[in-house]
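Structure first, then comments.
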Amino acid sequence: MKNSLYVVIPCYNEEQVLPETCKRLTKKLKNMMEDGFITKSSKMLFVNDGSNDKTWDMIKQLHKENDLVLGVNLSRNRGHQNALLAGLMTAKEKADIVISMDADLQDDIEVMDEMIQEYNKGADIVYGVRNNRKKDSFFKRTTAQGFYKFMKFLGVDVVYNHADYRLMSKRTIMELEKYKEVNLFLRGIIPLIGFQSSKVYYERKERFAGESKYPLKKMLSFALEGILSFSVKPLRIITICGFTIAFISFLFLLYVVIGHFITGNVQGWTTIVSLISFFGGFQIFCIGIIGEYIGKIYSETKQRPRYIIAEVLDDDKKNRTI
Ligand code: UDP
Ligand code: MG
(Lines give C-alpha, C1' and ligand atoms only; values in the text may rest on other atoms or scores of the structure.)
(Ligands and ions follow the chains in the order given, each with its own letter.)
Protein backbone atom coordinates (compact mmCIF):
# COMPACT_ATOMS: atom_id res chain seq x y z
CA MET A 1 0.00 0.00 0.00
CA LYS A 2 1.27 3.44 -0.90
CA ASN A 3 1.34 6.21 1.66
CA SER A 4 2.03 9.88 1.50
CA LEU A 5 5.27 10.77 3.24
CA TYR A 6 6.29 14.12 4.68
CA VAL A 7 9.91 14.67 5.65
CA VAL A 8 10.11 17.31 8.38
CA ILE A 9 13.37 19.22 8.71
CA PRO A 10 13.92 21.91 11.37
CA CYS A 11 16.43 24.52 10.21
CA TYR A 12 18.26 27.11 12.22
CA ASN A 13 20.85 29.12 10.28
CA GLU A 14 21.31 26.34 7.77
CA GLU A 15 21.91 28.36 4.57
CA GLN A 16 25.12 26.46 3.91
CA VAL A 17 23.54 23.01 3.79
CA LEU A 18 20.00 23.72 2.69
CA PRO A 19 20.49 23.58 -1.12
CA GLU A 20 22.34 20.26 -0.87
CA THR A 21 19.82 18.77 1.57
CA CYS A 22 17.00 19.78 -0.72
CA LYS A 23 18.75 18.37 -3.77
CA ARG A 24 19.44 15.00 -2.19
CA LEU A 25 16.00 14.70 -0.66
CA THR A 26 14.31 15.60 -3.94
CA LYS A 27 16.19 12.81 -5.65
CA LYS A 28 15.38 10.38 -2.87
CA LEU A 29 11.68 11.24 -2.79
CA LYS A 30 11.41 10.97 -6.58
CA ASN A 31 13.09 7.57 -6.51
CA MET A 32 10.75 6.35 -3.83
CA MET A 33 7.76 7.64 -5.80
CA GLU A 34 8.94 5.83 -8.93
CA ASP A 35 9.49 2.64 -6.96
CA GLY A 36 5.90 2.90 -5.78
CA PHE A 37 6.93 3.27 -2.15
CA ILE A 38 5.16 6.55 -1.52
CA THR A 39 2.45 8.61 -3.22
CA LYS A 40 3.09 11.52 -5.56
CA SER A 41 1.69 13.88 -2.93
CA SER A 42 4.70 13.29 -0.68
CA LYS A 43 6.68 16.38 0.35
CA MET A 44 9.53 17.75 2.37
CA LEU A 45 8.63 20.36 4.94
CA PHE A 46 11.33 22.77 6.09
CA VAL A 47 10.68 24.55 9.37
CA ASN A 48 12.60 27.78 9.76
CA ASP A 49 13.30 28.22 13.45
CA GLY A 50 13.84 31.99 13.52
CA SER A 51 17.13 31.87 11.64
CA ASN A 52 19.06 35.10 11.31
CA ASP A 53 20.70 34.18 8.01
CA LYS A 54 19.08 33.62 4.62
CA THR A 55 17.49 30.26 5.51
CA TRP A 56 13.87 31.40 5.12
CA ASP A 57 14.52 33.26 1.86
CA MET A 58 16.11 30.12 0.55
CA ILE A 59 13.18 27.95 1.61
CA LYS A 60 10.82 30.38 -0.19
CA GLN A 61 12.96 30.20 -3.31
CA LEU A 62 13.14 26.39 -3.19
CA HIS A 63 9.38 26.27 -2.74
CA LYS A 64 8.91 28.33 -5.90
CA GLU A 65 11.20 26.14 -7.96
CA ASN A 66 10.43 22.74 -6.52
CA ASP A 67 6.98 21.21 -6.13
CA LEU A 68 8.17 18.93 -3.39
CA VAL A 69 9.19 21.74 -1.04
CA LEU A 70 6.89 23.18 1.62
CA GLY A 71 7.83 25.54 4.41
CA VAL A 72 6.80 26.78 7.82
CA ASN A 73 8.25 29.94 9.29
CA LEU A 74 8.21 30.29 13.06
CA SER A 75 7.78 33.74 14.57
CA ARG A 76 11.16 33.45 16.34
CA ASN A 77 13.78 30.94 17.44
CA ARG A 78 12.15 28.36 19.70
CA GLY A 79 14.77 25.62 19.68
CA HIS A 80 15.09 22.35 17.80
CA GLN A 81 12.42 20.40 19.71
CA ASN A 82 9.72 23.04 19.35
CA ALA A 83 10.56 23.60 15.70
CA LEU A 84 10.28 19.87 15.09
CA LEU A 85 6.95 19.77 16.90
CA ALA A 86 5.64 22.64 14.75
CA GLY A 87 6.65 20.68 11.66
CA LEU A 88 5.07 17.43 12.84
CA MET A 89 1.80 19.15 13.71
CA THR A 90 1.67 20.85 10.32
CA ALA A 91 2.60 17.69 8.42
CA LYS A 92 0.09 15.42 10.11
CA GLU A 93 -2.78 17.23 8.40
CA LYS A 94 -1.83 15.78 5.04
CA ALA A 95 0.64 12.97 5.55
CA ASP A 96 0.10 9.31 6.42
CA ILE A 97 3.67 8.99 7.63
CA VAL A 98 6.24 11.57 8.69
CA ILE A 99 10.00 11.21 8.93
CA SER A 100 11.87 13.82 10.95
CA MET A 101 15.51 14.53 10.31
CA ASP A 102 18.15 17.21 10.81
CA ALA A 103 19.04 19.63 8.05
CA ASP A 104 22.76 18.87 8.09
CA LEU A 105 22.67 15.50 6.27
CA GLN A 106 24.19 13.65 9.22
CA ASP A 107 21.35 11.17 9.07
CA ASP A 108 21.59 8.70 6.21
CA ILE A 109 18.58 9.33 3.96
CA GLU A 110 19.09 5.97 2.27
CA VAL A 111 17.55 4.13 5.22
CA MET A 112 14.20 5.83 4.62
CA ASP A 113 13.15 2.86 2.46
CA GLU A 114 13.87 0.52 5.34
CA MET A 115 11.87 2.75 7.68
CA ILE A 116 8.89 2.60 5.35
CA GLN A 117 9.23 -1.17 5.04
CA GLU A 118 9.09 -1.42 8.83
CA TYR A 119 6.00 0.79 8.81
CA ASN A 120 4.38 -1.45 6.21
CA LYS A 121 5.12 -4.42 8.44
CA GLY A 122 3.11 -2.78 11.20
CA ALA A 123 5.39 -0.44 13.15
CA ASP A 124 3.92 2.95 14.03
CA ILE A 125 7.27 4.36 15.11
CA VAL A 126 10.59 3.51 13.50
CA TYR A 127 13.68 4.82 15.30
CA GLY A 128 16.79 5.64 13.33
CA VAL A 129 19.66 4.38 15.47
CA ARG A 130 23.29 5.17 14.76
CA ASN A 131 25.40 2.05 14.80
CA ASN A 132 28.57 3.76 15.96
CA ARG A 133 29.90 7.08 17.09
CA LYS A 134 33.28 6.91 15.37
CA LYS A 135 32.73 10.29 13.72
CA ASP A 136 32.10 12.08 17.01
CA SER A 137 34.83 13.71 19.02
CA PHE A 138 35.95 11.76 22.09
CA PHE A 139 34.27 14.34 24.30
CA LYS A 140 30.90 14.25 22.51
CA ARG A 141 30.95 10.46 22.39
CA THR A 142 31.63 9.95 26.09
CA THR A 143 29.24 12.65 27.27
CA ALA A 144 26.45 11.42 24.98
CA GLN A 145 26.88 7.79 26.02
CA GLY A 146 27.13 8.79 29.67
CA PHE A 147 23.87 10.66 29.24
CA TYR A 148 22.00 7.65 27.84
CA LYS A 149 23.33 5.45 30.64
CA PHE A 150 22.38 7.99 33.29
CA MET A 151 18.86 8.29 31.82
CA LYS A 152 18.51 4.52 32.00
CA PHE A 153 19.70 4.56 35.60
CA LEU A 154 16.99 7.15 36.34
CA GLY A 155 14.41 4.85 34.82
CA VAL A 156 13.71 6.92 31.70
CA ASP A 157 12.92 4.95 28.59
CA VAL A 158 15.04 6.45 25.79
CA VAL A 159 16.30 4.60 22.74
CA TYR A 160 20.07 4.26 22.95
CA ASN A 161 21.94 6.23 20.26
CA HIS A 162 18.76 7.53 18.68
CA ALA A 163 18.47 11.25 18.02
CA ASP A 164 15.49 12.72 16.22
CA TYR A 165 15.69 10.74 12.98
CA ARG A 166 12.51 8.71 13.06
CA LEU A 167 9.39 7.72 11.25
CA MET A 168 6.02 8.29 12.87
CA SER A 169 2.59 7.31 11.69
CA LYS A 170 -0.23 9.83 11.53
CA ARG A 171 -1.94 8.35 14.58
CA THR A 172 1.28 8.56 16.63
CA ILE A 173 1.49 12.29 15.92
CA MET A 174 -2.21 12.66 16.77
CA GLU A 175 -1.43 11.10 20.15
CA LEU A 176 1.70 13.23 20.54
CA GLU A 177 -0.52 16.29 20.28
CA LYS A 178 -2.11 15.33 23.60
CA TYR A 179 1.20 15.76 25.42
CA LYS A 180 0.98 19.42 26.30
CA GLU A 181 4.29 19.87 28.09
CA VAL A 182 6.20 23.04 27.51
CA ASN A 183 9.55 21.51 28.50
CA LEU A 184 9.74 19.37 25.44
CA PHE A 185 12.01 16.34 25.15
CA LEU A 186 10.60 14.34 22.26
CA ARG A 187 13.00 11.42 22.64
CA GLY A 188 11.50 10.77 26.04
CA ILE A 189 7.86 11.35 25.11
CA ILE A 190 7.66 9.24 21.98
CA PRO A 191 8.45 5.89 23.63
CA LEU A 192 5.73 6.77 26.17
CA ILE A 193 3.10 6.94 23.43
CA GLY A 194 3.41 3.21 22.94
CA PHE A 195 2.30 1.42 19.74
CA GLN A 196 4.49 -1.02 17.92
CA SER A 197 7.98 0.30 17.23
CA SER A 198 11.00 -0.82 15.33
CA LYS A 199 14.60 0.30 14.70
CA VAL A 200 16.75 0.77 11.66
CA TYR A 201 20.51 1.19 11.94
CA TYR A 202 22.67 3.64 10.02
CA GLU A 203 26.05 5.23 10.10
CA ARG A 204 25.86 8.87 11.14
CA LYS A 205 28.01 11.08 8.99
CA GLU A 206 29.70 14.34 9.73
CA ARG A 207 27.78 17.57 9.30
CA PHE A 208 27.76 18.42 5.58
CA ALA A 209 28.55 22.12 6.14
CA GLY A 210 28.10 24.84 8.72
CA GLU A 211 28.50 24.50 12.46
CA SER A 212 26.69 22.49 15.10
CA LYS A 213 23.78 24.42 16.57
CA TYR A 214 24.24 22.53 19.81
CA PRO A 215 27.20 24.07 21.62
CA LEU A 216 28.14 22.58 24.98
CA LYS A 217 25.87 24.91 26.94
CA LYS A 218 22.80 24.00 24.85
CA MET A 219 23.71 20.32 24.99
CA LEU A 220 23.90 20.40 28.77
CA SER A 221 20.60 22.20 29.14
CA PHE A 222 19.02 19.71 26.72
CA ALA A 223 20.34 16.81 28.80
CA LEU A 224 19.06 18.46 31.97
CA GLU A 225 15.69 18.95 30.28
CA GLY A 226 15.54 15.23 29.57
CA ILE A 227 16.38 14.29 33.13
CA LEU A 228 14.16 16.78 34.92
CA SER A 229 11.17 16.34 32.62
CA PHE A 230 11.15 12.57 32.88
CA SER A 231 12.38 11.54 36.26
CA VAL A 232 11.85 12.51 39.87
CA LYS A 233 14.57 10.10 40.92
CA PRO A 234 17.04 12.94 41.75
CA LEU A 235 14.57 14.07 44.43
CA ARG A 236 14.47 10.55 45.81
CA ILE A 237 18.26 10.39 45.81
CA ILE A 238 18.30 13.59 47.87
CA THR A 239 15.92 12.01 50.38
CA ILE A 240 18.09 8.89 50.63
CA CYS A 241 21.21 11.03 51.09
CA GLY A 242 19.37 12.97 53.80
CA PHE A 243 18.56 9.77 55.69
CA THR A 244 22.07 8.39 55.32
CA ILE A 245 23.69 11.60 56.49
CA ALA A 246 21.28 11.86 59.44
CA PHE A 247 22.20 8.31 60.46
CA ILE A 248 25.94 8.98 60.19
CA SER A 249 25.49 12.22 62.15
CA PHE A 250 23.75 10.29 64.90
CA LEU A 251 26.69 7.85 65.16
CA PHE A 252 29.08 10.78 65.12
CA LEU A 253 27.11 12.45 67.89
CA LEU A 254 27.37 9.32 70.04
CA TYR A 255 31.10 9.25 69.41
CA VAL A 256 31.49 12.92 70.38
CA VAL A 257 29.33 12.67 73.52
CA ILE A 258 30.96 9.45 74.73
CA GLY A 259 34.39 10.90 73.91
CA HIS A 260 33.53 13.99 75.92
CA PHE A 261 32.74 11.98 79.06
CA ILE A 262 35.69 9.62 78.71
CA THR A 263 38.49 11.98 77.81
CA GLY A 264 36.91 15.33 78.64
CA ASN A 265 38.38 16.79 75.44
CA VAL A 266 36.56 19.09 73.01
CA GLN A 267 36.72 17.67 69.47
CA GLY A 268 38.99 19.35 66.98
CA TRP A 269 38.23 22.57 65.17
CA THR A 270 39.18 21.11 61.74
CA THR A 271 36.53 18.41 61.97
CA ILE A 272 33.82 20.94 62.76
CA VAL A 273 34.78 23.40 60.04
CA SER A 274 35.08 20.72 57.37
CA LEU A 275 31.75 19.18 58.33
CA ILE A 276 30.01 22.56 58.31
CA SER A 277 31.36 23.48 54.89
CA PHE A 278 30.61 20.03 53.45
CA PHE A 279 27.02 20.02 54.63
CA GLY A 280 26.56 23.68 53.69
CA GLY A 281 27.62 22.91 50.11
CA PHE A 282 25.60 19.73 49.95
CA GLN A 283 22.45 21.42 51.19
CA ILE A 284 22.72 24.22 48.65
CA PHE A 285 23.23 21.62 45.92
CA CYS A 286 20.07 19.78 47.02
CA ILE A 287 18.08 23.00 47.18
CA GLY A 288 19.34 23.73 43.67
CA ILE A 289 17.95 20.43 42.35
CA ILE A 290 14.62 21.02 44.05
CA GLY A 291 14.65 24.55 42.63
CA GLU A 292 15.13 23.17 39.12
CA TYR A 293 11.96 21.12 39.50
CA ILE A 294 10.08 24.12 40.83
CA GLY A 295 11.31 26.06 37.79
CA LYS A 296 9.84 23.39 35.53
CA ILE A 297 6.52 23.52 37.38
CA TYR A 298 6.55 27.29 36.98
CA SER A 299 6.97 27.15 33.21
CA GLU A 300 4.48 24.29 32.84
CA THR A 301 1.71 26.03 34.77
CA LYS A 302 1.90 29.12 32.56
CA GLN A 303 1.11 26.96 29.54
CA ARG A 304 2.61 29.38 27.08
CA PRO A 305 2.46 28.34 23.42
CA ARG A 306 5.39 26.20 22.39
CA TYR A 307 5.72 27.85 19.01
CA ILE A 308 3.98 30.45 16.90
CA ILE A 309 3.74 30.05 13.16
CA ALA A 310 4.22 33.23 11.17
CA GLU A 311 3.88 31.85 7.65
CA VAL A 312 3.14 28.59 5.85
CA LEU A 313 4.16 27.72 2.30
CA ASP A 314 1.44 25.32 1.21
CA ASP A 315 1.28 23.06 -1.78
CA ASP A 316 -1.23 25.34 -3.50
CA LYS A 317 1.68 27.80 -3.93
CA LYS A 318 -0.13 30.56 -2.13
CA ASN A 319 1.64 31.93 0.90
CA ARG A 320 -0.58 31.70 3.90
CA THR A 321 0.06 34.06 6.75
CA ILE A 322 -1.50 33.03 10.01
N1 UDP B 1 18.00 23.49 15.14
C2 UDP B 1 16.83 24.24 15.23
N3 UDP B 1 16.75 25.22 16.19
C4 UDP B 1 17.79 25.49 17.06
C5 UDP B 1 18.96 24.68 16.97
C6 UDP B 1 19.02 23.69 16.01
O7 UDP B 1 15.89 24.04 14.47
O8 UDP B 1 17.64 26.39 17.88
C9 UDP B 1 18.09 22.44 14.11
C10 UDP B 1 19.30 22.51 13.21
O11 UDP B 1 19.10 23.37 12.12
C12 UDP B 1 19.46 21.06 12.76
C13 UDP B 1 18.97 20.28 13.97
O14 UDP B 1 18.21 21.20 14.76
O15 UDP B 1 18.64 20.74 11.65
C16 UDP B 1 20.07 19.68 14.80
O17 UDP B 1 21.08 20.63 15.07
P18 UDP B 1 22.63 20.31 14.87
O19 UDP B 1 22.82 19.45 13.68
O20 UDP B 1 23.37 21.59 14.88
O21 UDP B 1 22.95 19.48 16.21
P22 UDP B 1 24.06 18.33 16.39
O23 UDP B 1 23.86 17.35 15.27
O24 UDP B 1 25.37 19.02 16.30
O25 UDP B 1 23.75 17.75 17.73
MG1 MG C 1 23.75 17.71 13.34
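Sequential numbering from 1 along the given sequence is applied to the chain's residues. Indexing begins at 1, ligand by ligand and atom by atom, following the structure's order. Keep in mind that what you see is a predicted model, and the values were worked out from it rather than measured.
Residue contacts with ligand 1 for Pro10 involve both N, CA, C or O and side-chain atoms from C-beta outward (heavy atoms, distance under 4.0 Å). Neither the backbone nor the side chain of Arg78 has any atom closer than 4.0 Å to an atom of ligand 1 (non-hydrogen atoms only). When non-hydrogen atoms are compared, ligand 1 lies under 4.0 Å from neither the backbone nor the side chain of Asn13. With a 4.0 Å cut-off on non-hydrogen atoms, Glu14 touches ligand 1 through its side chain and not its backbone. Of the heavy atoms in Asp49, only side-chain atoms (C-beta onward) come closer than 4.0 Å to ligand 1.
Among protein heavy atoms, the minimum distance from atom 24 (O) of ligand 1 is reached at Ser212 OG, 2.5 Å. The protein atom (non-hydrogen) at minimum distance from atom 17 (O) of ligand 1 is Tyr214 CD1, 3.8 Å. In this structure, the protein non-hydrogen atom closest to atom 18 (P) of ligand 1 is Arg207 NH2, 3.5 Å. At the shortest separation from atom 25 (O) of ligand 1 among protein heavy atoms lies Lys140 NZ, 3.3 Å. The protein non-hydrogen atom at the shortest distance from atom 6 (C) of ligand 1 is Lys213 CB, 3.5 Å. Looking at atom 23 (O) of ligand 1, its nearest protein heavy atom turns out to be Gln106 OE1, 2.8 Å. Closest protein heavy atom to atom 19 (O) of ligand 1: Asp104 OD2, 2.6 Å. The shortest contact between atom 1 (N) of ligand 1 and any protein heavy atom is with Tyr12 CB, 3.7 Å.
No more than 12 heavy atoms of other residues, nucleotides or ligands sit less than 6.0 Å from atom NZ of Lys23. Counting heavy atoms of neighbouring residues, nucleotides and ligands inside a 6.0 Å radius, atom NZ of Lys302 exceeds 12 of them. Counting non-hydrogen atoms of neighbouring residues, nucleotides and ligands closer than 6.0 angstrom, the NZ atom of Lys28 exceeds 12 such neighbours. Around CZ of Arg236, the count of heavy atoms belonging to other residues, nucleotides or ligands within 6.0 Å does not exceed 12.
Of all atoms in ligand 1, numbered sequentially from 1 with element shown, those under 4.0 Å from a heavy atom of Arg204 are 23 (O). Residue Lys218 approaches ligand 1 through these ligand atoms, each under 4.0 Å from one of its heavy atoms: 4 (C), 5 (C), 8 (O).
Vertex the Mg ion (ligand 2); arms to Gln106 OE1 and Asp104 OD2; angle rounded to 10 degrees, 90°.
Under the 3.5 Å distance criterion, the side-chain polar atoms of Lys92 are left unmatched by any main-chain donor or acceptor of Arg171. Of the possible polar contacts, one joining the Asn77 side chain to the Asp49 backbone as a donor-acceptor pair under 3.5 Å is found. Between the side chain of Thr142 and the backbone N or O of Phe138 there is at least one donor-acceptor pair closer than 3.5 Å.
In this structure, Tyr255 and Phe252 have tilted ring planes: the angle between them lies in the 30° to 60° band.
For Asn131 and Glu203, the side-chain atoms include no donor-acceptor pair closer than 3.5 Å. Side chains of Gln81 and Asp164: a donor on one and an acceptor on the other come within 3.5 Å. Defined by atom type and a distance below 3.5 Å, a donor-acceptor pair is missing between the side-chain atoms of Asn13 and Thr55.
Not close to ligand 1: Gln81, with no non-hydrogen atom less than 4.0 angstrom away.
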